[in-house]
Amino acid sequence: MTQATATQSYTPTFTKLVSKEGGIEYPLEARYVCEETFSPLEVAYDYESIRRQVSREKIQAGPNSIWRYRAFLPVATDNVIDVGTGMTPLVKSNRLARRLGLKNLYIKNDAVNMPTLSFKDRVVSVALSRARELGFTTVSCASTGNLANSTAALAAYAGLDCCVFIPADLEAGKILGTLIYNPTVMAVKGNYDQVNRLCSEVGNTYDWGFVNINLRPYYSEGSKTLGFEVAEQLGWKLPDHIVAPLASGSLYTKIYKGFQEFIKVGLVEDKTVRFSGAQAEGCSPIAQAFKEGRDFVTPVKPNTIAKSIAIGNPADGVYAMNIAKKTGGYIESVNDAEIIAGMKLLAETEGIFTETAGGTTIAVLQKLVEAGKIDPEETTVVYITGNGLKTQEAVQGYIGEPLLIEPKLESFERALERSRTLERLEWQQVSV
Ligand SMILES: Cc1ncc(COP(=O)(O)O)c(C=O)c1O
């Protein structure tokens, strides 16, 4: 198979920033909030220009990364940061599907995304490509862990200075997975929402590109590629139902935008995809608002093992909730024990070790199936957005121990017999 490189040329298609409320227009600079309506800013495109420049064939001949969808992304030059991010596997589930009683379940596996094993590599590739175009030499972020990993790694690759802010109590794997790239790491004694507020203040004084603050309109567009890839990998068809995790709600709203854009330019047929979302009970402001039928999201103080999705005051919460409502989806939450069980279930049935966010998503998928809210025949895609090697402490103590033996055959055989007896006993207990 021949792969083109990232040098495929496109005339830029993004035209302005527009406020989500009131449609107030701004130039394409580093800003994220409307001064009149205080609503977030969104990148707008010339869809006629996109339609003229793309085709299924041209996309397929593009790089094996998110940049095959460059016509839909807010970068002006050909000089993008492409380390092979995206085009992660869409796996047709067999054993998990059977366990849940589903016939057409697919797993979008961003636990193996490049370079830092989460979907954040998508958004950061776009944000840093745009940051360079806007002339930033230092990049930064407020992170629940994965974003810091990705910003630090891709800044190292691009030769940009980097200073990231994280809550001090993150998992060891997330902190180490940032420090290795040698950025400045600020471990803040507080939760993510406090980190985010601090970063907004820092951003007022320092001329830095904060990927998820002043560059947020560009950054968040990277998540559309999770929608584009699924449509392409399903043979240029949209699924019937998706289940994705929610923290700020950005990823979820952008998968939706991605599907809508593919419909708009004629790459796929129009249809309503049901959008369901997953939160951890210990930080579930969007799920609570959804269940109570409110049209506003009340901030909460996070307390859950799913730290990567522990955002108590979600910037895109209301927009995410509205998508669930208008598409006939659900937003559900699960407790920490269910999250661990979800991580184990995915690992045991599909050989995918996901982090706590993925455990949350699988547990919510299971809950929705059990409640009859997912039709067994529907083509359902579950988004796994991060890797379990980074949150090992979550499952420590819940997955058994290796059998310690002498380097002798008889020692092995005794241990094997003991473990088989134990397995039989467990089975008997289960089947009583
Ligand atoms: C692994 C993982 N999944 C999902 C999310 C949710 O992202 P969003 O804030 O776009 O809702 C995050 C956020 O950091 C994450 O790290």
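Along the sequence shown, residues carry numbers from 1. Note that ligands are numbered from 1 as they come in the structure, with each ligand's atoms numbered from 1 the same way.
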Holding to salt bridge (Lys or Arg N to Asp or Glu O under 4.0 Å), I want the full list of residues that pass it with E25, two or more places apart in sequence or in another chain.
K16
Mind listing the N or O contacts between ligand 1 and protein, cut-off under 3.5 Å?
residue, atom, partner, partner atom, Å
ligand 1, 3 (N), T385, OG1, 2.7
ligand 1, 9 (O), S248, N, 2.9
ligand 1, 9 (O), S248, OG, 2.7
ligand 1, 10 (O), L251, N, 2.9
ligand 1, 11 (O), A247, N, 2.9
ligand 1, 11 (O), S248, N, 3.2
ligand 1, 11 (O), G249, N, 2.9
ligand 1, 14 (O), K120, NZ, 3.3
ligand 1, 14 (O), T144, OG1, 3.2
ligand 1, 14 (O), S308, O, 3.2
ligand 1, 16 (O), N146, ND2, 2.9

Heavy-atom donor-acceptor pair, T85 side chain to M114 backbone, under 3.5 Å
yes
Using ring-ring contact (aromatic ring centres under 6.0 Å, His included) as the criterion, list what pairs up with Y192, not counting sequence neighbours.
none
In terms of heavy-atom contacts, does CG of D169 have more than 12 from other residues, nucleotides or ligands at under 6.0 Å?
yes
Can you list everything that forms a salt bridge (Lys or Arg N to Asp or Glu O under 4.0 Å) with E350? Sequence neighbours excluded, please.
none
Sole candidate of F259, F119, F275 that passes ring-ring contact (aromatic ring centres under 6.0 Å, His included) when paired with Y252
F275
